[in-house]
Every structure is written in C-alpha cells, then in structure tokens.
Participant: 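Take a look at the following structure, please.
Counting starts at 1 for both ligands and their atoms, in listed order.
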Amino acid sequence: MAHIVADPCVKCKYTDCVAVCPVDCFHEGVNLLVIDPEVCIDCGLCPPECPTSAIFAEEDVPANQQHFTALNAELAREWKPITRTKLALPDAEEWRLVEAKLGELKR
Ligand code: SF4
Ligand code: F3S
C-alpha cells in the first residue's frame, strides 16, 4: 500500500507535501506531483500538509479518482524526484477548488 496524489493537485502543485516525506518519494511533472508507490512507507505525514487535500491513503482514494492510483505508479517511473518545496503554480489558488482536472494534466 502507498499514498496517492489525486485530482486536486492538478494545476496547483503546492509542494508542501515534499517537505515532510522521510523517504523522498515524490516525483514532479509540469502540473502534478505523484508518489512512487514502491518507495512510500505509508507514514501518513503528507496528507495534512496539502492545501488542496489531494493526498489519500490508497484504500481511501475517492471512487471518482481511483484512476490516479495507476497514474502515480506510471508517472513516478517517468518523472524526476522532487525533494524540496518550491513555489506553487501561478494559478494554484484559482484551480484549488476546481474538480475533475485530469483533462488539464500535462504528461
Ligand atoms: Fe512520503 Fe509518508 Fe507521504 Fe508516503 S505517506 S509520500 S512516505 S510523507
Ligand atoms: Fe500537490 Fe498538495 Fe503536494 S497540491 S504538490 S499534493 S501539497
């Protein structure tokens, strides 16, 4: 089991989550972070850090976002690790409460 970054992160990418991860398992795309499920130790530290509540334990991913579980595994293999917090995307506040943003994902 692992934690999963889901839809609310898309187009926001606040990166507060990165600062607390003890095993550096976040990977960065243009407008989403994902978690490498092979490395995540399910410590539970990152979900409360996310301003968009985008991170779930795998068993708690909402039904309408379950495609993000496979997406985290797939994209973690393609994207580079990110280990330091950086500025959120410029329009993060505007997109924070928008739902179903998968169509906006840049791969
Ligand atoms: Fe890192 Fe823990 Fe979050 Fe997994 S649950 S991504 S190990 S902070
Ligand atoms: Fe994304 Fe939340 Fe981290 S918006 S980058 S999962 S702090």
Participant: Identify, for atom 3 (Fe) of ligand 2, the protein heavy atom at the shortest distance, and state residue, atom and that distance.
Facilitator: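 Checked against all protein heavy atoms, atom 3 (Fe) of ligand 2 sits closest to C17 SG, 2.3 Å.
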Participant: Give a yes/no answer: is there an N/O/S atom of C50 under 2.8 Å from atom 1 (Fe) of ligand 2?
Facilitator: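 It does not: C50 brings no N, O or S atom closer than 2.8 Å to atom 1 (Fe) of ligand 2.
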Participant: Between the side chain of D7 and the main-chain N/O of A54, is any donor-acceptor distance below 3.5 Å?
Facilitator: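 Here the side-chain-to-backbone pair does not exist.
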Participant: Below 4.0 angstrom, N of the basic side chain to O of the carboxylate: do R96 and E93 qualify?
Facilitator: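 Salt bridge: yes.
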Participant: Note the single closest protein heavy atom to atom 5 (S) of ligand 2, along with its residue, its atom name and the distance in Å.
Facilitator: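 Result for atom 5 (S) of ligand 2: T15 N, 3.2 Å.
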Participant: At their closest point, which heavy atom of T85 faces which heavy atom of Y14, and how far apart are they?
Facilitator: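 In this case the closest contact between T85 and Y14 is CG2-O, 4.3 Å.
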Participant: I need the minimum non-hydrogen distance between N31 and E104, along with the two atoms involved.
Facilitator: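 Looks like ND2-O, 2.8 Å.
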Participant: Heavy atom to atom 4 (Fe) of ligand 1, shortest distance: which of C40, P47, G44, P22 holds it?
Facilitator: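 Of the listed residues, C40 has the closest heavy atom.
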Participant: Can you list the ligand 2 atoms lying under 4.0 Å from a non-hydrogen atom of D16?
Facilitator: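 Here the atoms of ligand 2 in question are 7 (S).
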Participant: Using a strict cut-off of 4.0 Å, indicate which atoms of ligand 1 neighbour a heavy atom of V23.
Facilitator: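 Within the 4.0 Å cut-off of V23, ligand 1 contributes 7 (S).
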Participant: Tell me: protein heavy atom nearest atom 3 (Fe) of ligand 1, and distance?
Facilitator: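 Of the protein heavy atoms, C46 SG, 2.2 Å lies nearest.
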Participant: Which atom pair, heavy atoms only, marks the closest approach of R84 to V18?
Facilitator: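 Shortest heavy-atom separation between R84 and V18 comes out as N-CG1, 3.4 Å.
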Participant: Heavy-atom distances under 4.0 Å are what count here, so tell me which part of I55 touches ligand 2: side chain, backbone, both or neither.
Facilitator: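 Only the side chain of I55 comes within reach of ligand 2.
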Participant: Does any N, O or S atom in C25 come within less than 2.8 Å of atom 4 (Fe) of ligand 1?
Facilitator: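 No, C25 does not qualify, because none of its backbone or side-chain N, O or S atoms lies under 2.8 Å.
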Participant: Check whether more than 12 heavy atoms from other residues, nucleotides or ligands sit under 6.0 Å from atom CD of E78, and answer yes or no.
Facilitator: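 Yes, the 6.0 Å shell around CD holds more than 12 heavy atoms from other groups.
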Participant: One pair to check against salt bridge (Lys or Arg N to Asp or Glu O under 4.0 Å): E28 and K86. What are the steps and the verdict?
Facilitator: CA-CA 11 Å; E28 182 181 22; K86 61 202 267 190; 2.7 Å; yes
Participant: Can an N, O or S atom be found in C43 less than 2.8 Å away from atom 2 (Fe) of ligand 1?
Facilitator: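 True for C43.
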Participant: What protein heavy atom lies closest to atom 1 (Fe) of ligand 2? Include the residue and the distance to one decimal.
Facilitator: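 Scanning the protein heavy atoms, the shortest distance from atom 1 (Fe) of ligand 2 goes to C9 SG, 2.4 Å.
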Participant: State the CG-NE2 distance between L75 and H27, to the nearest 0.5 angstrom.
Facilitator: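 One finds 10.5 Å between CG of L75 and NE2 of H27.
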Participant: Suppose we measure from atom 1 (Fe) of ligand 1 to each protein heavy atom; which comes out shortest, and what is that distance?
Facilitator: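 Result: C21 SG, 2.4 Å.
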Participant: Going by the order shown, which atoms of ligand 2 are within less than 4.0 Å of some heavy atom of L33?
Facilitator: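 Once the distances to L33 are compared, the set is 5 (S).
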Participant: Enumerate the atoms of ligand 2 whose separation from the nearest heavy atom of T52 is less than 4.0 angstrom.
Facilitator: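 Near T52, meaning under 4.0 Å from one of its heavy atoms, ligand 2 has 4 (S).
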Participant: Please compare I4, N72, I41, V34 and report which has the shortest non-hydrogen distance to atom 7 (S) of ligand 1.
Facilitator: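 Looking at heavy atoms only, I41 sits closest to atom 7 (S) of ligand 1.
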Participant: If you take all heavy atoms of L33 and C9, which pair is closest and at what distance?
Facilitator: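 The pair with the smallest heavy-atom distance is N-SG, 3.6 Å.
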Participant: Could you list which atoms of ligand 1 come closer than 4.0 Å to a heavy atom of F26?
Facilitator: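 Within the 4.0 Å cut-off of F26, ligand 1 contributes 6 (S).
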Participant: Keeping the roles fixed (side chain from D36, backbone from A76), state whether a donor-acceptor pair exists under 3.5 Å.
Facilitator: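 Pair absent, no side-chain N/O of D36 close to backbone of A76.
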